[in-house]
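Comments concern the structure below.
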Amino acid sequence: MYEDASADRDVSWLAIRQPAVIRLLETELRSPDNDAFAAGLELASRVLGGKVPLGDLRLDHRALTTGMAAVRAGRCDRLMVQSLRDQIAELPVVLGRAEEDAVATVIAAVIYAVLDASVRDLDDQLVA
């Protein structure tokens with residue numbers, strides 16, 4: 001019961017604080033059974049919510065579009081992608097290969113956007 005309540009809080013937090021991420025998940029992972037969307041939602045909650053949420057960082061559609069383009073162009077770490085695939089395999093949902101690829105791509109794009117925004121924020125702080 002505790003895990004379900006915690007997961008509900010994470011998803012609620014994600015929906016409130018990161019609506020662009022929810023829209024990306026819906027756009028990229030929509031399917032009749034919504035299994036890929038559920039997997040994406042779980043992993044996005046882990047990345048963005050986790051035990052310590054990423055504070056005031058908010059990702060917008062431009063950051064996520066840049067992240068998707070970077071990942072699709074192959075500009076992401078292969079070990080990170082393998083880690084994402086391992087996490088997808090551990091979820092209690094059965095995904096086809098194309099769905100696994102889509103989930104890994106979207107979550108890698110979210111991670112790319114987080115790192116890119118964090119570097120920009122750090123640059124702004126160093127210049128100020």
Exercise for review: For R23, check salt bridge (charged side-chain N to carboxylate O under 4.0 Å, His left out) against everything at least two apart and list the hits.
Suggested key: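 By the salt bridge (charged side-chain N to carboxylate O under 4.0 Å, His left out) rule, R23 matches no residue at all.
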
Practice item. Taking salt bridge (charged side-chain N to carboxylate O under 4.0 Å, His left out) as the test, write out the residues that go with R62, two or more places apart. Key: D60

Practice item. Consider only side-chain heavy atoms of I, L, V, M, F, W and Y, link residues closer than 4.5 Å, and tell whether L29 and V47 are in one cluster. Key: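 Yes, one cluster joins them.
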
Practice item. Please check if V71 and V114 belong to a single hydrophobic cluster, counting links between Ile, Leu, Val, Met, Phe, Trp and Tyr side chain heavy atoms closer than 4.5 Å. Key: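 No, it is not one cluster - the side chains of V71 and V114 are not joined through contacts under 4.5 Å.
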
Review point. Under 4.5 Å between any side-chain heavy atoms of L59 and L24, yes or no?
Key: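 Counting from C-beta outward, L59 and L24 never come under 4.5 Å.
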
Do you know which two heavy atoms are closest between [X] and [Y], and how far apart they sit?
X	Y	value
L64	A113	CD2-CB, 4.0 Å
L91	E42	CD2-CG, 3.6 Å
Y112	G67	CD2-CA, 3.6 Å

**Study point:** Distance (rounded to the nearest 0.5 Å) between I22 CD1 and T27 OG1
**Key:** 11.0 Å

Review point. What distance do I88 atom CD1 and E90 atom CD have between them, rounded to the nearest 0.5 Å?
Key: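 Nearest 0.5 Å value for the CD1-CD distance: 10.5 Å.
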
Check your understanding: Is a donor on one side and an acceptor on the other found under 3.5 Å between the side chain of Q18 and the backbone of L57?
Key ->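 Yes, the answer is positive, given that a donor and an acceptor are paired below the 3.5 Å cut-off.
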
Cut-off 3.5 Å, no hydrogens considered: what does the side-chain donor-acceptor table look like for residues 32-40, sequence neighbours left out?
| from | atom 1 | to | atom 2 | distance (Å) |
| --- | --- | --- | --- | --- |
| D33 | OD1 | S31 | OG | 2.9 |
| D33 | OD1 | D35 | N | 3.0 |

Review point. Tell me the side-chain hydrogen bond (donor to acceptor under 3.5 Å, both in side chains) pairs involving residues 68-82, sequence neighbours left out?
Key: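 Listed once each, the pairs are E28-R72, Q82-D86.
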
Study note, to complete from the structure: Sequence neighbours excluded, the answer for side chain to side chain donor-acceptor pair (under 3.5 Å) partners of E26 is none

**Study point:** Residue list, side chain to side chain donor-acceptor pair (under 3.5 Å) with S83, at least two apart or on another chain
**Key:** Q87

Which pairs of donor and acceptor atoms, one on a side chain in residues 98-111, lie under 3.5 Å apart (sequence neighbours left out)?
| from | atom 1 | to | atom 2 | distance (Å) |
| --- | --- | --- | --- | --- |
| E99 | OE1 | G96 | N | 2.9 |
| D101 | OD1 | R85 | NH1 | 3.0 |
| D101 | OD1 | R85 | NH2 | 2.7 |
| T105 | OG1 | D101 | O | 2.8 |

Check your understanding: Residues in side-chain contact (heavy atoms from CB on, under 4.5 Å) with A69, at least two apart?
Key ->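 For A69, no residue satisfies side-chain contact (heavy atoms from CB on, under 4.5 Å) once neighbours in sequence are set aside.
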
